[in-house]
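Numbering of ligands and ligand atoms starts at 1, following listing order.
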Amino acid sequence: MDIIPNFVVFEGADGSGTSTQLELLEGFFHSHQNNEGPRLYCTAEPTNSPIGSLIRRSLRGETQLDAKTLAYLFAADRNEHLFTPNGIIERCARGELVVCDRYVLSSLVYQGLTCGEELPANLNAAFPLPSLLLYFDIDSELAAKRMEERPLKDIYEALEFQTKVRERYQALLPRFAAAGVRVERIDASASVTEVMATVRQLLTTPLA
Ligand code: TYD
């Protein structure tokens with residue numbers, strides 16, 4: 001399986017703080033960037049494309065879609081994200097550091113739970129992998145507490161489901177490591193500042 005140099009992915013259950021950390025990282029880079037380091041590009045899946053918007057509407061319960069349809073849509077959204085002009089592949093190839101909130105592993109975990117392992121495994125089999133995967137690990141009850149403070153809930157946020165999500169992450173991570181991805185577990189129950197320090201430190205170690 002191909003590994004994309006300069007491509008970093010954040011993964012973790014809902015409430016693990018990946019989106020917050022991505023925002024902080026972007027802010028930090030923009031205020032500290034000099035001309036020597038690589039250019040940082042922060043992005044996320046589902047994306048802001050029309051496919052990504054349809055996915056988000058479905059996650060909010062505004063459009064009813066079959067679980068398998070959602071698996072196809074996540075894969076279609078990812079394909080665009082990778083291969084479109086100025087997409088992940090092009091940016092990494094020209095030396096940008098691309099950091100993406102969620103990627104293939106999210107589909108294997110979430111769609112694996114909602115529509116069985118086979119379809120997401122097949123749909124995602126050919127996608128290249130990141131060189132570094134940061135897994136934000138958090139106790140499911142603590143994550144649920146954090147999410148109580150948020151206004152919008154999506155269809156995946158129930159505690160029982162999130163407990164399974166965490167189990168699936170833990171079961172699947174070794175496969176990514178075996179495929180050549182550098183996998184780092186981050187204790188996401190630590191404070192936002194502590195987690196940010198860990199993320200920054202991991203990103204400054206040389207990437208493949
Ligand atoms: P997101 O908006 O990033 O939520 P959060 O900020 O809580 O991480 O992700 C929305 C949801 O999409 C999240 O519950 C995980 C889910 N998801 C999948 O089910 N499959 C996928 O392939 C991806 C990328 C996300």
Side-chain angles (χ1 to χ4, degrees), residues 7-26 42-82 87-88 98-130 133-140 142-169 172-173 176 186 188 192 195 199:
F7 184 34
V8 179
V9 164
F10 289 1
E11 288 281 3
D14 293 83
S16 62
T18 56
S19 312
T20 305
Q21 290 298 331
L22 195 73
E23 259 175 51
L24 288 174
L25 182 72
E26 198 167 25
C42 291
T43 184
E45 293 185 2
T47 68
N48 293 325
S49 75
I51 304 169
S53 306
L54 176 56
I55 293 172
R56 285 185 193 280
R57 279 214 297 283
S58 168
L59 295 180
R60 289 195 298 265
E62 294 165 15
T63 302
Q64 291 301 319
L65 293 174
D66 180 77
K68 288 195 166 128
T69 307
L70 211 45
Y72 284 107
L73 288 175
F74 275 117
D77 189 38
R78 184 161 300 133
N79 197 72
E80 285 296 305
H81 201 194
L82 282 163
I88 294 171
V98 176
V99 183
C100 183
D101 188 6
R102 302 191 175 282
Y103 186 62
V104 164
L105 184 52
S106 280
S107 282
L108 301 186
V109 168
Y110 288 79
Q111 280 61 61
L113 285 168
T114 52
C115 63
E117 282 183 38
E118 200 181 332
L119 181 65
N122 289 340
L123 292 175
N124 286 279
F127 290 133
L129 297 175
L133 187 157
L134 303 188
Y135 170 58
F136 289 64
D137 190 23
I138 190 168
D139 172 75
S140 307
L142 177 57
K145 273 215 186 81
R146 283 186 181 174
M147 284 188 295
E148 275 170 16
E149 289 150 30
R150 288 195 209 163
L152 257 186
K153 297 231 175 236
D154 74 42
I155 57 172
Y156 294 139
E157 287 188 354
L159 175 59
E160 197 188 334
F161 185 80
Q162 288 301 322
T163 306
K164 289 188 190 145
V165 164
R166 188 179 188 211
E167 285 166 12
R168 290 309 296 154
Y169 268 117
L172 292 171
L173 278 167
F176 280 71
I186 292 180
V192 169
V195 174
V199 168

Student: When you compare the side chain of Leu108 with that of Phe176, does any pair of heavy atoms fall below 4.5 Å?
Tutor: yes

Student: So which heavy atom on Ser140 is nearest to which on Thr163, and how close?
Tutor: OG-CA, 3.5 Å

Student: Rounded to the nearest 0.5 Å, what separation is found between the CZ atom of Phe74 and the CG atom of Leu123?
Tutor: 12.0 Å

Student: Examine distances only and state if a side-chain atom of Gln21 and a backbone atom of Val192 form a donor-acceptor pair shorter than 3.5 Å.
Tutor: yes

Student: May I have every N or O pair linking ligand 1 to the protein at under 3.5 Å, one per line with atom names and distance?
Tutor:
residue  : atom   : partner : partner atom : Å
ligand 1 : 2 (O)  : Arg56   : NH1          : 2.8
ligand 1 : 6 (O)  : Ser19   : OG           : 2.7
ligand 1 : 7 (O)  : Asp14   : OD2          : 3.3
ligand 1 : 8 (O)  : Arg102  : NE           : 3.1
ligand 1 : 8 (O)  : Arg102  : NH2          : 3.2
ligand 1 : 14 (O) : Asp14   : OD1          : 3.2
ligand 1 : 14 (O) : Asp14   : OD2          : 2.7
ligand 1 : 14 (O) : Asp154  : OD2          : 3.4
ligand 1 : 19 (O) : Gln111  : OE1          : 3.4
ligand 1 : 19 (O) : Gln111  : NE2          : 3.0
ligand 1 : 20 (N) : Gln111  : OE1          : 2.7
ligand 1 : 22 (O) : Arg78   : NH2          : 2.9
ligand 1 : 22 (O) : Ser107  : N            : 3.3
ligand 1 : 22 (O) : Ser107  : OG           : 2.6

Student: Is the backbone N or O of Asp14 less than 3.5 Å from a side-chain atom of Gln162, with the two atoms forming a donor-acceptor pair by type?
Tutor: yes

Student: Between Tyr103 and Pro128, which heavy-atom pair has the shortest distance, and what is it?
Tutor: OH-O, 2.6 Å

